[in-house]
Amino acid sequence: MKNRSATLEDVANLAGVSQQTVSRVLNNPALVSQRTRDTIMQAMHTLNYVPNRSAQLLAGKALPALGLITASLTLHAPSQVAAAIKSHAEAHQLQVTMAMLKSADYPQLQVALNELRAQNIRAVIVSMPLEAEVAERLAIENNDMACLFLDVPPDTEVSCLRFDHRDGCGACVNHLWELGHREFGLLAGPVSSVSARLRLGCWREALHRLGVSNTMTAFGDWSAASGWAKTFELMSANPRISAIVVANDQMALGVLSALNKLHKSGSHAVSVTGYDDTADSLYFQPALTTVAQDFDLLGERAVQHIRNMLQEPQRRILELLPTRLVIRQSTFVKDAPTEREVLIEQLKALVGQL
Ligand code: IPT
């Protein structure tokens with residue numbers, strides 16, 4: 001026969017704390033010290049305690065959970081952001097309920113927020129590009145919820161945690177310039193994306209400062225497939241392009257593959273830079289030079305901020321995380337012969353001497 005299910009009282013007795021403390025761990029773990037939390041979690045585990053969420057919902061209690069509204073997880077960066085949020089939230093006994101939206105239009109976002117509200121969730125991280133007006137309206141019309149935005153324009157009047165694209169974009173262009181590149185292809189992300197527009201603007205500014213006017217721009221949709229297709233367009237519009245600056249690693253993967261197809265190798269090789277430094281970029285062929293955004297740090301800080309916002313609803317968060325250039329093998333001196341070509345030249349010279 002099945003044992004009677006353990007109650008909140010059983011857990012409190014085993015852990016040697018009051019029922020109120022156990023209930024706090026379930027509803028608002030941030031209010032309980034880590035040590036007491038661990039003891040209570042251990043007691044729950046021993047007794048195989050299952051919290052009665054429906055009773056909590058009926059009682060109108062906010063659940064120890066946060067909502068995540070995210071851009072498509074077929075994209076590498078948002079999926080790494082979601083994974084980081086999930087694991088840092090779990091470290092604080094917070095469940096994550098996710099909504100994945102196709103587009104960032106207001107009605108869809110409001111429906112997603114209402115779904116979360118219906119589950120008594122009062123804290124939401126929005127990890128998708130939103131225009132300032134949309135984010136501001138969402139925050140105002142849902143002011144019973146803590147909303148933290150990860151991809152909004154710089155002056156948006158909401159709580160936001162963003163990456164500072166300036167250092168990374170500037171460093172990337174300067175690096176290519178120092179390698180001797182003067183004719184650039186720019187592969188931006190979709191115009192509808194705030195961060196794509198910021199990155200493009202920043203590259204153009206940096207190129208302008210260097211006096212480079214010879215650039216071709218194409219717009220992809222963040223996918224490797226668009227990187228592949230747009231490379232043929234860029235290279236046929238200007239076959240002299242020697243460096244392609246790409247707005248994310250996933251498109252850069254397609255760019256590298258297309259350049260390979262175009263036999264752009266050896267001294268004809270085209271330098272490529274990415275953006276994101278997602279977990280796999282080190283293993284691209286060649287290993288990708290890219291602008292790193294630390295998605296694990298983003299997840300950690302986002303969870304920390306949203307917990308603080310729940311404690312202090314009036315608090316407005318503004319934090320910028322750094323980006324930095326990681327130099328690997330996909331960028332090289334313009335027209336420099338490869339080791340193999342140098343060797344062939346040396347062999348030819350030797351044969352000539354015989
Ligand atoms: C941004 C990525 O850099 C980009 O590759 C793409 O996946 C985009 O997200 C999707 O919206 S990262 C974001 C936190 C600015």
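Numbering of ligands and ligand atoms starts at 1, following listing order.
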Give a yes or no answer on whether the side chain of Arg315 reaches the backbone of Met309 with a donor-acceptor pair at less than 3.5 Å. no
Before signing off on this row, confirm whether Asn248 and ligand 1 have an N or O atom pair separated by under 3.5 Å. yes
Among Arg199, His165, Met251, closest by heavy atom to atom 1 (C) of ligand 1 is Arg199
Heavy-atom side-chain proximity of Leu73 to Pro78 below 4.5 angstrom: yes
Given that the side chain starts at C-beta and the backbone is N, CA, C, O, which of these parts of Gln293 lies under 4.0 Å from ligand 1, counting heavy atoms, or is it both or neither? side chain
Which bit of Ala247 is near ligand 1, meaning a heavy atom under 4.0 Å away: side chain, backbone, both or neither? neither
Heavy-atom side-chain proximity of Phe295 to Asp277 below 4.5 angstrom: no
Tell me which protein heavy atom sits closest to atom 3 (O) of ligand 1, plus the residue, atom name and distance to 0.1 Å. Asp276 OD1, 2.4 Å
Run the contact test for Gln80 against ligand 1 with a 4.0 Å cut-off on heavy atoms, strictly below, and give the result. no
Which residue owns the protein heavy atom closest to atom 14 (C) of ligand 1, what's the atom, and how far is it? Leu150 O, 4.2 Å
To the nearest 0.1 Å, how far is atom 11 (O) of ligand 1 from its closest protein heavy atom, and which atom is that? Pro129 CD, 3.7 Å
Using heavy atoms and a 4.0 Å limit, tell me yes or no: is Pro78 in contact with ligand 1? yes
Distance from Met98 atom CE to Ile69 atom CD1, nearest 0.5 Å? 11.0 Å
Thr217: which of Leu234, Leu200, Leu187 passes side-chain contact (heavy atoms from CB on, under 4.5 Å): Leu200
Within 4.0 Å of some non-hydrogen atom of Ser195, the atoms of ligand 1 are 15 (C)
What I want to check is whether the side chains of Asn174 and Glu178 have a donor and an acceptor closer together than 3.5 Å. no
So do the side chains of Ile121 and Glu115 get within less than 4.5 Å of each other, counting heavy atoms only? no
Pair Glu183 + Lys334: basic N to acidic O under 4.0 Å: no
Take every heavy atom of Asp151, measure it against each atom of ligand 1, and state whether any distance is under 4.0 Å. yes
For atom 6 (C) of ligand 1, the option (of Phe163, Phe295, Trp222) bearing the nearest heavy atom: Trp222
